[in-house]
A.B. asks: 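Got a structure for you, questions after.
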Amino acid sequence: MASLSLQHIYKRYPGGVTAVSDFNLEIEDKEFIILVGPSGCGKSTTLRMIAGLEEISEGDLFIGDRRVNDVVPKDRDIAMVFQNYALYPHMTVFENMAFGLKLRKTPKDEIKKRVEEAARILDITHLLERKPKALSGGQRQRVALGRAIVREPRVFLLDEPLSNLDAKLRAQMRTEITKLHQRLGTTFIYVTHDQTEAMTMGTRIVVMKDGLIQQVDSPQNLYEKPCNLFVAGFIGSPQMNFIDAVVEEKDGKVGLKIGTGAKETLVILPEGKVNSEIKAKIGKSVIMGIRPEDLHDDEMFLSTATTGIIECDVEVTELMGHETYLYLNLCGQPIIARVNSRSKAKVGDSVRVALNVNKIHIFDKETEQTLSN
């Protein structure tokens, strides 16, 4: 079994800098866990502590039921794939993939068998006699993965392995790594700052900020039920719109007042969104969140909407092929709508847009914690 348990892990550097604080996570055998967050949030440091490349300042790390805080990297039964591939330029692909096994004095026949099997899985058999300089970025990444596979480790650690590839190749390699995980049935821990990679690859995602875990959940739950403003804004592209609002009660119904002057409107909330925390905010300012795809400018939606219609000015339009992004201005607040490519909105127009009120998120203005999803 290759389960991992990280218990109250801290990483402190000289000078009082704390890179990771009170990190607690239970990773199940064969899980694909993604650590995601902006640069400097502590995700790579956490991965390096699991690998043994960074010392743990405080806390306990278990791989299986074995505490490995003081176990050297080569004895942890893990393999790491780096961002820069870390291939030896003077060695062939075969020699690069076999190098770790040679150090372990693995028999030659076994080395040949493992390297050829890994090359077959990764479709690089025809490259085994080439040197890294004769390979493309995607091929080098496959070799780096192959070098990890031949070790047959209990845990794979991948530190932003696709960040040096172009967009098309990155999308292709995402699929390849996902299939590789399914085929090998091994625990994968993957670090990225790209939330698209996180959403498409992981069984669970750990969102980090400033060395702290913000939320650990499935991709779907992170998207639909973010625990705070940071997670809501980080997950999703384009990111969630945040609009200043005031909670108000009218005719026994609770709503959010947004906009100013002639464009002021009261968006009545569905009963399922109104909890005790929202009622306690009546008369107070909050932040309303709404994803771009939950704003609609088509007549069918506008004609059936009973609340949540706002008037905005169109500042920029971006045709993305099957959809259009409208960059709108609502009383000085920028918002993005992701609408049908047949939208007739043009720059300079004043347009009516309907919010899907069932998809509204509400956040506390001071604590930035979620009040209602």
Side-chain angles (χ1 to χ4, degrees), residues 1-83 86 100 103-104 148-149 151-161 181 184-193 197-198 201-219 221-222 227-228 230-231 234 369:
M1 293 287 285
S3 59
L4 285 90
S5 178
L6 292 89
Q7 302 173 7
H8 305 289
I9 299 283
Y10 286 80
K11 179 60 187 179
R12 300 186 186 94
Y13 290 105
V17 177
T18 301
V20 178
S21 298
D22 201 20
F23 191 101
N24 289 281
L25 184 65
E26 299 295 322
I27 301 172
E28 294 177 18
D29 183 40
K30 299 180 184 176
E31 231 188 325
F32 197 137
I33 285 278
I34 305 262
L35 305 183
V36 69
S39 295
C41 72
K43 56 191 185 295
S44 287
T45 302
T46 302
L47 198 75
R48 290 173 67 81
M49 285 192 285
I50 295 171
L53 302 175
E54 292 274 3
E55 204 172 288
I56 295 171
S57 304
E58 186 182 328
D60 296 299
L61 170 63
F62 291 86
I63 297 178
D65 50 13
R66 178 190 183 201
R67 185 178 182 273
V68 297
N69 286 46
D70 303 315
V71 175
V72 295
K74 69 183 180 67
D75 295 331
R76 294 192 182 194
D77 204 4
I78 53 106
M80 191 157 177
V81 179
F82 295 92
Q83 178 179 351
L103 289 182
R104 286 170 176 73
I149 291 169
R151 299 250 319 267
E152 297 180 354
R154 299 168 76 196
V155 183
F156 276 87
L157 307 178
L158 300 102
D159 190 6
E160 306 214 23
H181 171 253
L184 297 177
T186 312
T187 307
F188 274 45
I189 306 173
Y190 187 108
V191 160
T192 181
H193 63 271
E197 279 178 31
M201 295 171 76
T203 47
R204 279 194 303 156
I205 300 173
V206 181
V207 183
M208 294 182 69
K209 179 193 177 193
D210 299 334
L212 293 163
I213 292 178
Q214 303 294 305
Q215 188 170 352
V216 183
D217 220 323
S218 67
N221 280 347
L222 280 177
C227 71
N228 60 31
F230 174 78
V231 175
F234 192 80
Q369 295 301 303

A.B. asks: For residues H8 and D22, report the shortest heavy-atom separation together with the two atoms involved.
C.D. replies: ND1-OD1, 2.7 Å

A.B. asks: Compare every heavy atom of I78 with every heavy atom of A51, then report the nearest pair and how far apart it is.
C.D. replies: CA-CD1, 3.7 Å

A.B. asks: To the closest 0.5 Å, what do you measure between CD1 (I50) and CG (L25)?
C.D. replies: 8.0 Å

A.B. asks: Quick one: CG on L47 to CD1 on I33, what's the gap to the nearest 0.5 Å?
C.D. replies: 12.0 Å

A.B. asks: Any chance you could measure M49, atom CE, to K11, atom NZ, to the nearest 0.5 Å?
C.D. replies: 7.0 Å

A.B. asks: Got S3 and F62 here, is their nearest side-chain heavy-atom distance under 4.5 Å?
C.D. replies: no

A.B. asks: Side chains of M80 and R48: closer than 4.5 Å at any heavy-atom pair?
C.D. replies: yes

A.B. asks: Just wondering, more than 12 heavy atoms not from E26 lying within 6.0 Å of its CD?
C.D. replies: yes

A.B. asks: Atom CD1 in I189, atom NZ in K43: separation rounded to 0.5 Å?
C.D. replies: 15.0 Å

A.B. asks: I need the R67 CZ to L61 CG distance, nearest 0.5 Å.
C.D. replies: 8.5 Å

A.B. asks: Could you check whether the rings of F188 and H181 sit parallel, tilted or perpendicular, using 30° and 60° as the cut-offs?
C.D. replies: perpendicular

A.B. asks: Kindly give the heavy-atom pair with the smallest separation between F230 and P38, and that separation in Å.
C.D. replies: CZ-CD, 3.6 Å

A.B. asks: Where do Q215 and N221 come nearest, in terms of heavy atoms and distance?
C.D. replies: NE2-O, 4.5 Å

A.B. asks: Picking from I9, I213, L35, V206, what satisfies side chain to side chain contact (heavy atoms under 4.5 Å, CB included) with T46?
C.D. replies: L35

A.B. asks: Are any non-hydrogen side-chain atoms of E28 and T203 less than 4.5 angstrom apart?
C.D. replies: no

A.B. asks: Determine, step by step, whether N228 and Q214 satisfy the side-chain hydrogen bond (donor to acceptor under 3.5 Å, both in side chains) criterion, reporting the C-alpha distance in whole Å, the side-chain angles of both residues, the deciding distance to 0.1 Å, and the verdict.
C.D. replies: CA-CA 8 Å; N228 60 31; Q214 303 294 305; 3.0 Å; yes

A.B. asks: Show, in sequence, the C-alpha distance, side-chain angles and deciding distance for V207 and I205, and conclude whether the side chain to side chain contact (heavy atoms under 4.5 Å, CB included) test is met.
C.D. replies: CA-CA 6 Å; V207 183; I205 300 173; 4.1 Å; yes

A.B. asks: Which heavy atom of D29 sits nearest a heavy atom of A2, and at what distance?
C.D. replies: OD1-N, 3.0 Å

A.B. asks: Under 4.0 Å between a side-chain nitrogen and a carboxylate oxygen: does that hold for E58 and R12?
C.D. replies: yes

A.B. asks: At their closest point, which heavy atom of A148 faces which heavy atom of P153, and how far apart are they?
C.D. replies: O-CD, 3.4 Å

A.B. asks: Could you go through R66 and V71, starting from their C-alpha distance and side-chain angles, then the distance that decides it, and tell me whether this counts as side chain to side chain contact (heavy atoms under 4.5 Å, CB included)?
C.D. replies: CA-CA 10 Å; R66 178 190 183 201; V71 175; 3.6 Å; yes

A.B. asks: Under a plain distance cut-off of 3.5 Å, with no hydrogens placed, do E31 and T187 share a side-chain donor-acceptor pair?
C.D. replies: no

A.B. asks: Atom CG in D65, atom OG in S5: separation rounded to 0.5 Å?
C.D. replies: 11.0 Å

